[in-house]
Each structure stands twice: as structure tokens, then as C-alpha cells.
Amino acid sequence: MPELPEVETIRLGLDELIVGKTIDQVLVINPSSFPNKSVEVDRYLIGASVEKLKRRAKILIIDLSTEYALVIHLKMTGQLVYVNHQHRFGAGHPNDSLVGSLPDKSTRVILHFDDNSTLFFNDQRKFGWVKILPKYLLTDTNFFKLYGPEPLQKKFNLATFKSQLLKHSKTSIKAALLNQSIIAGIGNIYADESLWLARIHPKSLIIDLTDDDVARLFKSIIAVLKLSLQKGGSTSRNYLDAKGNKGNYLKFANVYGREGQPCLNCGQPIIKIRVASRGTHICLKCQQLK
DNA sequence: CACTTGACCTGTCCGC
DNA sequence: TGCGGACAGGTCAAGT
């Protein structure tokens with residue numbers, strides 16, 4: 001599920017909701033969802049408070065007041081939803097209905113705070129995970145050493161993007177965008193959206209792209225990610241933010257989920273093909289293979 | 001070596 | 001209505 005805009009939306013929500021709160025209970029309902037949890041690590045968690053929320057690529061980091069952090073990957077269907085039993089958002093806010101419905105059968109880990117509020121880690125497909133790790137390991141030279149640049153950071157520029165792509169010149173551009181070591185945070189939805197906006201066929205080999213193609217793609221990636229972040233991410237099936245809201249980006253999507261519908265640039269029907277063994281949405285007229 | 005494919009899981013949808 | 005198969009936002013290990 002969550003790609004960069006979704007994880008960032010969750011991070012912003014949790015930043016409002018849980019900073020300063022103290023953990024008083026951790027329940028692991030599905031042990032493989034928290035692979036390094038043990039009785040001993042309870043003492044690093046219980047009594048610790050939440051210091052800061054961070055994100056690197058699609059990974060969320062909850063820095064605690066101790067030497068440790070909770071590191072979370074939501075993979076395809078993970079959710080982190082906060083519920084405060086003393087607080088209602090009101091006016092039909094989706095969070096209010098979660099008060100009674102969580103935990104549910106996809107709840108894998110529960111973090112409980114001493115103000116009686118709760119953070120639920122739900123994950124239908126069980127691919128996601130929570131780990132506790134010492135903060136000092138969570139750097140780009142250690143835990144994140146296989147991750148490429150963050151596309152929304154100021155220091156990410158066209159020259160960096162181009163040199164990252166050229167490390168893998170014989171692969172398709174779509175596979176490259178999905179490769180977290182080339183550029184961090186892009187997944188299937190935003191790969192398709194960025195390639196459509198840049199008018200590039202996803203099967204194009206990197207070596208065949210012109211400088212102009214790469215420049216358009218660079219701009220398109222940033223535009224697409226920023227728009228999605230502004231819309232609170234994409235909800236295709238499962239995604240919810242920390243308050244239980246769905247994302248609104250897919251209403252603005254140009255190709256993802258629009259197979260059979262007219263291309264918003266030329267009117268030809270969008271088709272769905274397979275590239276890098278992922279479902280891939282394109283307009284054949286606007287995105288011609290080189 | 002660089003690159004691609006299956007496997008991990010659960011649930012849903014579509015065609016017969 | 002039931003059943004099998006394909007597919008779903010991600011990432012690895014294992015294959016070519």
C-alpha cells in the first residue's frame with residue numbers, strides 16, 4: 001500500500017496526535033508483525049514516551065525518549081490508526097466509528113498510551129512489520145544504506161536523478177522507479193502517474209531515454225508526489241491515515257485505476273499491461289515506446 | 001554481474 | 001451460490 005505520500009501523511013497525523021505520550025502497554029497479536037519483540041524489549045518500550053516522528057523512503061520511524069525507536073514498514077496493507085477513547089472528532093469524522101470497531105481481525109500490534117489512547121497497527125496481508133532498533137543505527141550509512149535519495153528533499157536535483165538512473169541503464173524505467181536504491185518512496189501508483197505525465201513508456205530502457213525525457217520525468221515525479229501529499233495520499237483499497245481518513249489523490253489520477261477510460265490528454269482509452277511484473281497503466285498514444 | 005521472477009499472506013472480484 | 005484463478009499499494013531471496 002503506502003508509498004511516500006501515504007507514509008508522510010501518516011507521519012504528519014501522528015506528529016499531531018502522539019508526540020509526548022507515554023507507552024504503558026504493547027500487545028503483539030501476530031508475532032511475525034513484530035519480529036524482534038521479546039519480554040526483554042518491553043523494558044525499552046514501557047514508560048518510554050514519543051519524541052519525534054520521522055520518515056525515510058516508505059518507512060516510518062517513531063523516535064522514543066530512550067535510545068530506541070520503533071521502525072515500521074506498512075508494505076501493501078498496513079495501517080497505523082490512532083484512537084483516543086476520551087476524544088471524539090465529531091461531525092461524522094471517520095475516526096469516531098473506529099472507536100468501537102478497533103481492534104479488528106487484521107489488528108497485529110497495539111500500542112497503548114497512559115492517557116488511555118491507542119495506536120493500532122493493522123495489516124490484512126501480514127507483510128508489514130514493526131521493529132524496535134537503537135536510534136544510532138537508523139542512518140543512511142547503516143540501516144538505510146540501500147536507499148536512494150528522497151525525491152522531495154531540496155538537495156535532490158536533476159543531476160542526482162540522472163546519475164542514479166545511469167547506474168542501471170539496461171533496465172526499464174518503471175523497474176528503476178520502483179527500485180528504492182535508485183530513488184526512495186515511489187511505488188506502483190506514482191510510477192505510473194509520473195511516467196504518464198512525462199509521456200514516457202514504462203518499458204523504455206534507461207539507456208534509450210533522452211536528457212529531455214529524464215528532465216520531464218524528474219519534474220513529473222516531484223509534481224505527482226506533491227499533489228498526492230496535498231490530497232492526503234491514495235486510497236485504492238485499505239489505506240487510512242492516522243485519524244482514519246482515506247486519501248483523495250485517486251480522484252486526480254490520470255492513469256492509475258483508469259483502464260478503459262479516456263486519456264485525459266488525448267482521449268484514447270487507457271490500457272493496462274504488465275511491466276516489471278506489476279500492473280501498469282498507460283496511454284499508448286501519449287507514451288510511445290522508443 | 002545485472003536483471004527478473006516467485007514467494008510471502010489475506011481478501012476480493014470475475015468468469016464459468 | 002460455489003469454485004478456481006488472477007490480482008492487489010512492497011520487498012526479498014532465488015532464479016536466469
Side-chain angles (χ1 to χ4, degrees), chain A residues 1-11 29-35 55-60 71-81 103-109 121-131 143-148 164-195 202-208 221 224-225 228-229 231-241 245-253 255-260 271-281:
Chain A
M1 139 195 157
E3 309 179 33
L4 186 155
E6 290 76 29
V7 181
E8 184 64 13
T9 301
I10 291 169
R11 188 190 73 77
I29 295 160
N30 180 58
S32 68
S33 299
F34 198 152
R55 179 191 57 78
R56 176 77 172 95
K58 301 171 190 172
I59 293 175
L60 185 82
V71 182
I72 301 171
H73 200 311
L74 300 169
K75 295 287 180 86
M76 300 279 261
T77 55
Q79 302 172 333
L80 279 172
V81 178
D104 65 19
K105 65 177 175 178
S106 67
T107 300
R108 310 302 179 194
V109 178
F121 174 67
N122 294 336
D123 184 19
Q124 178 187 100
R125 291 173 74 180
K126 299 183 179 172
F127 293 164
W129 45 257
V130 179
K131 294 175 186 173
F143 191 81
F144 294 108
K145 68 181 173 213
L146 297 180
Y147 288 81
Q164 286 295 101
L165 288 180
L166 288 176
K167 291 178 185 171
H168 299 261
S169 57
K170 285 172 62 187
T171 195
S172 69
I173 185 60
K174 172 142 182 182
L177 293 181
L178 295 174
N179 183 338
Q180 301 299 296
S181 76
I182 296 177
I183 180 170
I186 298 175
N188 205 38
I189 294 176
Y190 303 115
D192 284 6
E193 291 295 309
S194 302
L195 288 165
K203 281 186 177 169
S204 302
L205 299 185
I206 287 170
I207 200 168
D208 294 330
I221 288 166
V224 163
L225 294 177
S228 180
L229 196 48
K231 301 299 174 190
S234 298
T235 295
S236 175
R237 308 169 70 81
N238 295 278
Y239 171 73
L240 295 178
D241 74 11
N245 297 300
K246 294 180 177 182
N248 292 311
Y249 174 81
L250 288 184
K251 292 173 195 159
F252 302 86
V255 283
Y256 187 85
R258 295 194 66 247
E259 56 270 32
I271 61 165
K272 191 169 178 185
I273 60 175
R274 280 195 99 71
V275 182
S277 33
R278 310 297 303 275
T280 299
H281 310 74

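These figures come from a predicted structure and were not determined experimentally.
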>> Across nucleotides 11-16 of chain C, 5' to 3', mark each nucleotide with B, S or - according to how protein heavy atoms within less than 4.0 Å reach it.
In response: B-----
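For the pair A:Q124 CD and C:dG9 C1', the interatomic distance rounds to 12 Å; values are reported in whole Å. One interatomic measurement links the two molecules: NZ of A:K203 to C1' of B:dC3, which rounds to 15 Å at whole-angstrom precision. Across the protein-nucleic acid pair, A:R237 atom CZ and B:dG11 atom C1' stand 7 Å apart, rounded to whole Å. Whole-Å rounding puts the A:L165 CG to B:dA2 P distance at 16 Å. When the P atom of C:dG10 is taken as reference, atom CG of A:N188 falls 6 Å away, rounded to whole Å. In this structure, CG of A:N238 is placed 9 Å from P of B:dT12, rounded to the nearest angstrom. In this structure, the OH atom of A:Y249 is 14 Å from the P atom of C:dG9, given to the nearest Å.
Taking side-chain N and O atoms only, A:T171 has no distance below 4.0 Å to OP1 or OP2 of B:dA2. Residue A:K272 places at least one side-chain N or O under 4.0 Å from the OP1 or OP2 atom of C:dA8. For A:H168, a side-chain nitrogen or oxygen approaches OP1 or OP2 of B:dC3 to under 4.0 Å.
Remark: the backbone N or O of A:Y256 is paired with a side-chain donor or acceptor of A:E193 at under 3.5 angstrom. A donor-acceptor contact shorter than 3.5 Å links the side chain of A:Q180 to the backbone of A:G185. No donor-acceptor pair closer than 3.5 Å links the side chain of A:K203 to the backbone N or O of A:A276. Panel note: side chain A:Q79, backbone A:N238; a donor-acceptor pair is recorded below 3.5 Å.
A heavy-atom distance below 4.5 Å is not found between the side chains of A:H281 and A:R258. Put simply, the side chain of A:E259 does not reach to within 4.5 Å of the side chain of A:I271, judged on heavy atoms.
For the pairing with A:I173, the side-chain contact (heavy atoms from CB on, under 4.5 Å) check across A:I206, A:L178, A:V275 returns one residue only, A:I206.
To the nearest whole angstrom, the two P atoms, one in B:dG6 and one in C:dA6, are 12 Å apart. Of the P atoms belonging to B:dT5 and C:dC7, the separation is 14 Å, rounded to the nearest Å. Rounded to a whole angstrom, the distance from the P atom of B:dG11 to that of C:dT11 is 22 Å.
Set against B:dC3, B:dT4, C:dA8, the side chain of A:K170 has B:dC3 as its closest nucleotide. Among the nucleotides B:dT5, C:dG9, C:dC7, the one closest to the side chain of A:R274 is C:dC7.
Pairing partner, C:dG9: none, since no Watson-Crick or wobble contact has both distances short of 3.5 Å. Applying the Watson-Crick and G-U wobble criteria (two distances, each under 3.5 Å), B:dC9 pairs with nothing in any strand.
When only modelled atom types and interatomic distance are considered, A:E3 and A:Y239 share no side-chain donor-acceptor pair under 3.5 Å.
When heavy atoms are screened at a 4.0 angstrom cut-off, A:G128 is found touching no nucleic acid atom at all. Within 4.0 Å (heavy atoms only), A:Y256 reaches sugar-phosphate atoms of the nucleic acid but no base atom. Among the atoms of the strands shown, base atoms are found under 4.0 Å from some heavy atom of A:S234.
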